[in-house]
Amino acid sequence: MQYPIKDPEVLMLATIAGTLKGDYVREGPDYPWAASPFAWIRTRPSRQVGKIGEQLVAGWCAAKGLDVTRSSNSEADRVIAGRRVEIKFSTLWESGVYKFQQLRDQDYEFAVCLGISPFDAHCWSISKSVLRQHVIGHTPQHTGKGGTDTFWLSFDASNPPAWLSACGGRLADAYEIMRKWQTRR
C-alpha cells in the first residue's frame, strides 16, 4: 500500500532524495545485480547477510539430503553430516573478489565458504588443517593489538588460489566433499 506524500515540504525533500539516489544506489540494466535473484541480500545489514548465508548453506545442504543441525555452542554455526562447520558467506564485490571474513581458530572441523555472484554461486568445503596452512595465522583481517585472532580469505572469484581447487568451487563439488563426511567418521 502506498502512502502519497501530501505535504509540499516533504515532497520537495523526497524529490531531492530522488536526485541523490543515483549517487548511492546502483540500478539499471548496466548494474550486474539488477535482475539477480540474490540482489536483495546485498540490501541487508552485514550482520543479517552472515545469517542469510548460514541459512542458505543449511537449507541447501538439507535439500541435498545432508543432516543439518544447529551447533551446541558458538564455536561453530552448524553440524552438517556429523561435522562441526563454520559457515562464511560473501557476495561478489564490485572489484570481482569474494571476501570470507572473520575466520577464527575455533572448535569446528570445516569451513563452508559460499560465494554468490549475480547469476552464479561458488562453494568450498575447507578443512581446518587447510585453513591453518593458508589462512589462519597468515592473512589477518585486523591489525593492531587486538587484531591477531581474525583472518580473511580474499581472492578474485574468477581465479581462486590453486590450493582451493581440492575444496570445491562449484556447488556440486563442495556437496560431494560434504556428502563424504558422513562415511569418513
Side-chain angles (χ1 to χ4, degrees), residues 1-3 14 17-71 74 76-81 83-103 108 110-126 131 135 141 150-161 163-182:
M1 175 182 242
Q2 284 188 325
Y3 296 97
T19 64
L20 294 173
K21 182 178 177 181
D23 293 339
Y24 296 93
V25 178
R26 300 265 327 260
E27 293 179 340
D30 64 330
Y31 179 54
W33 291 89
S36 169
F38 307 114
W40 67 273
I41 297 170
R42 293 171 49 92
T43 69
R44 309 309 310 152
S46 60
R47 187 181 260 326
Q48 279 186 355
V49 170
K51 180 179 179 184
I52 292 165
E54 290 177 24
Q55 292 171 315
L56 283 170
V57 169
W60 172 67
C61 287
K64 296 290 287 178
L66 298 174
D67 186 40
V68 179
T69 59
R70 286 199 165 277
S71 171
S74 63
D77 294 314
R78 297 284 193 283
V79 176
I80 299 174
R83 303 298 183 113
R84 293 178 57 79
V85 174
E86 181 71 5
I87 298 170
K88 295 299 173 186
F89 180 62
S90 177
T91 57
L92 187 69
W93 289 42
E94 285 189 32
S95 60
V97 302
Y98 287 135
K99 285 187 189 275
F100 300 102
Q101 302 181 59
Q102 303 291 320
L103 286 158
Y108 59 88
F110 290 85
V112 173
C113 295
L114 176 65
I116 298 289
S117 298
F119 298 97
D120 204 358
H122 302 90
C123 191
W124 295 269
S125 301
I126 311 167
L131 282 174
V135 180
Q141 183 168 340
T150 59
F151 302 88
W152 62 8
L153 173 57
S154 178
F155 55 87
D156 184 320
S158 64
N159 189 26
W163 62 266
L164 267 181
S165 64
C167 304
R170 304 299 313 156
L171 288 167
D173 299 331
Y175 165 73
E176 281 304 311
I177 293 168
M178 291 185 276
R179 186 182 62 78
K180 291 174 184 173
W181 292 346
Q182 300 176 113

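In what follows, every heavy atom counts, from backbone to side chain, and hydrogens, waters and symmetry copies are set aside. Note that the structure is a prediction, hence the values are computed from the model and not measured.
Across all their heavy atoms, F119 and P37 have their closest contact at CE2-CD, 4.0 Å. Taking all atoms of both residues into account, the shortest heavy-atom contact from V49 to F89 is O-CD2, 3.4 Å. Closest heavy-atom contact between A111 and L103: CB-CD2, 4.3 Å. Between W40 and I52, the shortest heavy-atom contact is CZ3-CD1, 3.6 Å. Pairing each heavy atom of M178 with each of I80, the nearest pair is SD-CG2, 4.5 Å. Scanning both residues, A76 and Y108, for their nearest heavy atoms gives CB-CB, 4.0 Å.
Summarising the local packing, NZ of K51 is surrounded by 12 or fewer heavy atoms from other residues, nucleotides or ligands at distances under 6.0 Å. The environment of R42 atom CZ is dense: over 12 non-hydrogen atoms of other residues, nucleotides or ligands sit within 6.0 angstrom.
K88 contributes no side-chain N or O that, together with a main-chain N or O of V112, makes up a donor-acceptor pair within less than 3.5 Å. Remark: side-chain polar atoms of S71 are not paired, donor with acceptor, to backbone N or O of D77 under 3.5 angstrom.
Considering only heavy atoms from C-beta on, K99 comes within 4.5 Å of W93 through its side chain. Between I87 and L114, every side-chain heavy-atom pair lies at or beyond the 4.5 Å cut-off. Two residues are said to be in side-chain contact when any heavy atoms from C-beta on lie closer than 4.5 Å; Y175 and C61 fail this criterion. Two residues are said to be in side-chain contact when any heavy atoms from C-beta on lie closer than 4.5 Å; P118 and P32 meet this criterion.
The closest side-chain donor-acceptor pair between T69 and R78, if any, does not fall under 3.5 angstrom. A donor-acceptor contact closer than 3.5 angstrom links the side chains of S117 and Y98.
C113 contributes atom SG, which lies 11.5 Å from atom CD of Q101 (distance to the nearest 0.5 angstrom). Going from atom CH2 of W60 over to atom CG of L66 covers 8.0 Å, rounded to the nearest 0.5 Å. For the atom pair S46 OG and Q102 CD, the distance stands at 9.5 Å (nearest 0.5 Å).
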Worked verdict on D120 versus R170 for salt bridge (Lys or Arg N to Asp or Glu O under 4.0 Å): CA-CA 9 Å; D120 204 358; R170 304 299 313 156; 2.9 Å; yes
L92 vs W33, side-chain contact (heavy atoms from CB on, under 4.5 Å): CA-CA, chis, key distance, verdict: CA-CA 10 Å; L92 187 69; W33 291 89; 4.0 Å; yes
R179 vs E176, salt bridge (Lys or Arg N to Asp or Glu O under 4.0 Å): CA-CA, chis, key distance, verdict: CA-CA 5 Å; R179 186 182 62 78; E176 281 304 311; 2.6 Å; yes
Audit row: D67, W181, side-chain contact (heavy atoms from CB on, under 4.5 Å) steps and yes/no: CA-CA 11 Å; D67 186 40; W181 292 346; over 6 Å; no
Steps toward side-chain contact (heavy atoms from CB on, under 4.5 Å) verdict (L164, I126): CA-CA 8 Å; L164 267 181; I126 311 167; 3.6 Å; yes
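Using the six-membered ring where Trp is involved, F100 and F155 have ring planes that are tilted, between 30° and 60° apart.
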